[in-house]
Q: 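Following this message is one structure expressed as structure tokens.
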Amino acid sequence: MIDSLVTVPRNQRATVFAIEWERLAQPEARRLRELGFDEGVGVEVLHRARLGSGPIACRIGRMTVALRRTVAAAISVSAND
């Protein structure tokens, strides 16, 4: 099943299916690429801010990265079973 990174449950691992680069500002897109976000990469949601519009902390490789929800919404993932 394909979903947005925003909807992935906490401590759930997923694989990046697609990134809607056109939805992101150029600096945001560049930052994601520098951090290694791309199709086929594994990601795990670690924490969500208590407020509904706060950032999402996720692990990609050995890094922990905080993403704004608007950025996370542009990342489509498929859940790992």
Q: With a sphere of 6.0 Å drawn around CD of E22, does it hold more than 12 non-hydrogen atoms of other residues, nucleotides or ligands?
A: yes
Q: Is the closest side-chain heavy-atom distance between L35 and M63 below 4.5 Å?
A: yes
Q: Please round to the nearest 0.5 Å and tell me the distance separating atom OG1 of T70 and atom CD of E28.
A: 5.5 Å
Q: Does any N or O in the side chain of R59 come within less than 3.5 Å of the main-chain N or O of V43, such that one atom is a donor and the other an acceptor?
A: no
Q: Taking all non-hydrogen atoms of both residues into account, name the closest pair between A49 and G54 and its distance.
A: CB-CA, 3.6 Å
Q: Would you mind reporting whether V41 and I60 have side-chain heavy atoms less than 4.5 Å apart?
A: yes
Q: Which heavy atom of R31 sits nearest to which heavy atom of V65, and what is that distance?
A: NH2-CG1, 3.7 Å
Q: With sequence neighbours left out, write down each residue that passes side chain to side chain contact (heavy atoms under 4.5 Å, CB included) with P9, or none if nothing qualifies.
A: Q12
Q: Given 3.5 Å as the limit, does a donor-acceptor pair link the side chain of R10 with the main chain of L46, or not?
A: yes
Q: For residues F17 and E39, report the shortest heavy-atom separation together with the two atoms involved.
A: O-CG, 3.2 Å
Q: Do you reckon V6 sits in the same ILVMFWY cluster as V16, going by side-chain contacts under 4.5 Å, direct or chained?
A: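 Looking at the clustering, V16 is in the same group as V6.
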Q: Looking at A73 and R23, what are the two nearest heavy atoms and their distance?
A: O-NH1, 3.3 Å
Q: So, for C58 and F37, which heavy atoms are closest and what is the spacing to 0.1 Å?
A: SG-CZ, 4.0 Å
Q: So, using side chain to side chain contact (heavy atoms under 4.5 Å, CB included) as the criterion, who are the partners of T15 when residues are at least two apart?
A: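 Result, side chain to side chain contact (heavy atoms under 4.5 Å, CB included) vs T15: S78, N80.
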Q: Should we count CZ of R33 as having more than 12 external heavy atoms under 6.0 Å?
A: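 Correct, the count exceeds 12.
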Q: Give the C-alpha distance, both sets of side-chain angles, the deciding distance and a yes or no for side chain to side chain contact (heavy atoms under 4.5 Å, CB included) between N11 and E44.
A: CA-CA 6 Å; N11 298 321; E44 178 182 3; 4.3 Å; yes
Q: S4 and A72: which non-hydrogen atoms are nearest, and at how many Å?
A: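 Closest approach of S4 to A72, heavy atoms only: OG-O, 3.4 Å.
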Q: How far does CD1 of I56 sit from CZ of R69, to the nearest 0.5 angstrom?
A: 4.5 Å
Q: Do V71 and L24 have side chains that approach each other closer than 4.5 Å (heavy atoms only, starting at C-beta)?
A: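 With C-beta onward as the side chain, the pair touches.
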Q: Take D38 and L32, measure what side chain to side chain contact (heavy atoms under 4.5 Å, CB included) needs, and give me the verdict at the end.
A: CA-CA 8 Å; D38 207 353; L32 283 184; over 6 Å; no
